[in-house]
Amino acid sequence: MTTTKVALSIRQEVPAAAKKEVARHRSKSLSAFVSDALDEKLTRAELESFLDEMDALHGKPGKAAEAWAKRALRPTRAYWM
């Protein structure tokens with residue numbers, strides 16, 4: 001994988017919190033943590049665009065479809081045991 005170095009200006013508390021996550025071994029490095037966060041944000045934006053296109057083609061889901069999705073996506077207790 002090719003990488004590139006960038007300079008960013010972010011709120012002071014953000015890198016401190018990210019470094020704590022790295023110290024807890026939730027990421028390999030601060031760079032990996034930031035890269036993963038940006039990738040997740042871009043993936044969500046891509047999904048949102050896709051869903052907007054679906055809404056434009058087929059209309060927004062009705063209340064019945066939303067209720068079905070909430071039931072279908074709700075984790076069951078047995079799943080987590």
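Nothing here was measured: the structure is a model prediction, and the numbers come from that model.
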*Looking only at heavy atoms, which two atoms of Val22 and Lys28 are closest? And how far apart?*
CG1-O, 4.2 Å
*Distance (rounded to the nearest 0.5 Å) between Phe33 CZ and Arg26 CZ*: 9.0 Å
*Are Leu42 and Leu47 co-members of a hydrophobic cluster defined by side-chain heavy atoms under 4.5 Å apart?*
no
*Using a strict 4.0 Å threshold on nitrogen-to-oxygen distance, state whether Lys70 and Glu66 make a salt bridge.*
no
*asked:* Rounded to the nearest 0.5 Å, what separates atom CZ in Phe50 from atom CD in Glu53?
replied: 7.5 Å
*Side chain Ser35, main chain Ser31, donor-acceptor under 3.5 Å*: no
*At their closest point, which heavy atom of Pro15 faces which heavy atom of Leu30, and how far apart are they?*
O-CD1, 4.4 Å
_Within this structure, what is the CG-CG distance for the pair Asp52 and Leu57, rounded to the nearest 0.5 Å?_
11.0 Å
*Looking only at heavy atoms, which two atoms of Leu8 and Val34 are closest? And how far apart?*
CD1-CG1, 4.5 Å
*asked:* Tell me if the CD atom of Glu48 is crowded by more than 12 foreign heavy atoms within 6.0 Å.
replied: no
_Under 4.0 Å between a side-chain nitrogen and a carboxylate oxygen: does that hold for Arg24 and Glu21?_
yes
